[in-house]
Number of protein chains: 2
Amino acid sequence: MPRPRTHDEALRGRLLDRAGELLSQEGAGALSLRRLATDAATSTTAVYSLFGGKPGLVRELYVEAFHRLGTRLRAVAATGDPAEDLVRLGVAYRASALADPHLYAVMFGGAIPGFDPDDAAVEHSRAALAPLLGVIETGVREGVFTDTDGTMAVGCWGIVHGLVSLELLGNLPPGLDVAAAYERALRANTAGWTRPTGT
Amino acid sequence: MPRPRTHDEALRGRLLDRAGELLSQEGAGALSLRRLATDAATSTTAVYSLFGGKPGLVRELYVEAFHRLGTRLRAVAATGDPAEDLVRLGVAYRASALADPHLYAVMFGGAIPGFDPDDAAVEHSRAALAPLLGVIETGVREGVFTDTDGTMAVGCWGIVHGLVSLELLGNLPPGLDVAAAYERALRANTAGWTRPTGT
DNA sequence: AGCGGTTTCATAACAGCGTCACGGCTGGTA
DNA sequence: TACCAGCCGTGACGCTGTTATGAAACCGCT
């Protein structure tokens with residue numbers, strides 16, 4: 001009979017914790033299997049037993065990262081105004097990215113060369129954005145937003161991700177008040193999807 | 001007297017051409033100095049003489065990439081309607097990125113680990129976006145756009161870059177008509193910056 | 001209790017990477 | 001013509017992810 005898989009859960013946790021620390025504190029370049037194994041008092045082979053290799057390990061960090069992002073987005077309280085909620089979601093998204101830029105780079109920046117998320121992992125990324133879809137659906141139902149086919153969610157995700165990416169990569173003009181510009185850009189984009197009312 | 005620098009311009013051109021080919025055809029992972037040197041019938045040391053190292057070589061590709069992007073954007077003819085021009089610029093931007101995704105990854109994706117563009121290189125990126133600034137300025141002067149402090153350009157660049165990034169990384173939902181959704185999202189965002197007129 | 005099959009993980013090696021010290025060759029300068 | 005700064009080929013160093021090998025630990029079974 002094949003012995004059931006009895007991986008060392010403590011070792012697994014240690015590796016994942018330390019990998020997250022290395023990534024967050026020193027960036028993707030510092031996340032090498034040898035250093036990770038040394039820091040976790042094991043050898044590089046353990047990573048292959050537990051995760052199948054470096055990409056498998058990074059996949060866990062990737063999924064965890066979207067889990068955290070989803071938690072932060074779900075924590076945004078509804079104000080009753082879908083347009084306002086949308087902007088607040090965007091602000092929370094940016095805060096999450098700025099809180100751990102290297103982790104954000106793993107999610108969207110292709111920071112680790114050998115790693116490409118599979119479809120199942122990408123599914124986690126979409127699940128994290130459920131609050132965005134919820135707010136838009138509410139707004140459409142209330143007649144505030146004009147979206148008909150889900151394109152609005154794509155557009156909102158696009159501008160949020162794009163601005164955060166540009167900021168993290170240092171491509172925004174120096175001296176710009178990023179927080180203010182970010183919020184204004186989000187409000188403008190939201191306005192473009194908002195049904196004109198007699199305000 | 002020190003002899004003036006008499007770099008082998010032919011060798012320099014061969015290296016840059018082949019580096020661009022390797023990057024475009026097989027991605028950032030295929031761009032190794034050893035392979036590049038072999039393909040160009042030289043040795044890796046030549047890259048250090050001519051470019052100072054791999055980051056220096058990639059810097060040339062980076063600048064060239066923005067030069068091409070700028071050329072494509074400048075080729076977009078003005079229609080007289082700034083809002084329409086803005087969308088067309090966005091479409092040209094996407095076409096440029098899709099034409100060479102790996103090159104786009106060098107520009108914005110951090111595809112090559114050791115490479116971070118210096119300020120002068122980043123300046124080239126902003127220069128390539130001059131047509132965007134021009135269209136917005138025209139729109140503001142004509143009273144079509146409501147931007148006052150340049151935030152609109154940041155927002156437009158953000159949504160364009162964000163959507164293109166998500167598309168290239170495979171994060172958009174499968175089955176989506178990307179071209180149509182992209183253009184609709186751009187029109188909505190533009191509408192959010194457009195002064196309401198009695199249409 | 002003790003055995004056998006199976007998995008985990010340490011050791012050590014391999015190929016590939018960017019980088020650089022060394023040194024021969026080249027070609028403009030004096 | 002003699003010189004010598006600069007280019008670039010050779011070879012090495014330390015790093016990376018990966019893997020073949022083998023010992024030890026563990027499970028279910030008799």
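Side-chain atoms are counted along with the backbone in the values below, which use heavy atoms only and exclude waters and symmetry mates. Just so it is clear: chains get the letters A, B, ... in the order the sequence lines come, proteins before strands, and each one is counted from 1.
- Distance, B:L36 CG to D:dG9 C1': 15 Å, rounded to whole Å.
- Atom pair B:E9:CD and D:dC8:C1' shows a separation of 15 Å (rounding to whole Å applied).
- Look at B:R195 and B:E142 and you find no salt bridge, because none of the NZ, NE, NH1 or NH2 atoms lies under 4.0 Å from a carboxylate O.
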Compile the donor-acceptor pairs under 3.5 Å between side chains in residues 145-157 of chain B and protein atoms, sequence neighbours left out, one pair per line.
unit_1, atom_1, unit_2, atom_2, d
B:T146, OG1, B:W193, O, 3.3
B:D147, OD1, B:G150, N, 3.4
B:D147, OD1, B:T151, N, 3.2
B:D147, OD1, B:M152, N, 3.1
B:D147, OD2, B:G150, N, 3.0
B:D149, OD1, A:R184, NH1, 3.1
B:D149, OD1, B:T151, N, 3.2
B:D149, OD1, B:T151, OG1, 2.7
B:D149, OD2, A:R184, NH1, 2.8
B:D149, OD2, B:T151, OG1, 3.2
B:W157, NE1, B:Y93, OH, 3.4

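- Each of B:D116, B:D119, B:D118 was checked for a salt bridge (charged side-chain N to carboxylate O under 4.0 Å, His left out) with B:R59, and the lone residue meeting it is B:D118.
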Donor-acceptor contacts, no H, no angles, side chain residues 63-73 of chain B, under 3.5 Å, sequence neighbours left out:
unit_1, atom_1, unit_2, atom_2, d
B:E64, OE2, B:R68, NE, 3.3
B:T71, OG1, B:H67, O, 2.9

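- Rounded to whole Å, the distance from CG on A:L57 to P on D:dG17 is 10 Å.
- Following rounding to the nearest Å, B:R12 (CZ) and D:dG6 (P) show an atom-to-atom distance of 18 Å.
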With sugar-phosphate taken as primed atoms, P, OP1 and OP2 and all else as base, the protein-contact string of nucleotides 11-19 of chain C at under 4.0 Å (heavy atoms; B, S, -) is B-B---BBB
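- For the side chain to side chain contact (heavy atoms under 4.5 Å, CB included) with A:L86, the lone residue among A:L132, A:V76, A:T194, A:D81 that qualifies is A:L132.
- Of the charged side-chain nitrogens involved, at least one lies within less than 4.0 Å of a carboxylate oxygen, so that A:R35 and A:E26 count as a salt-bridged pair.
- Taking atom CZ on A:F51 and atom P on C:dT8, their separation rounds to 12 Å, with Å as the unit.
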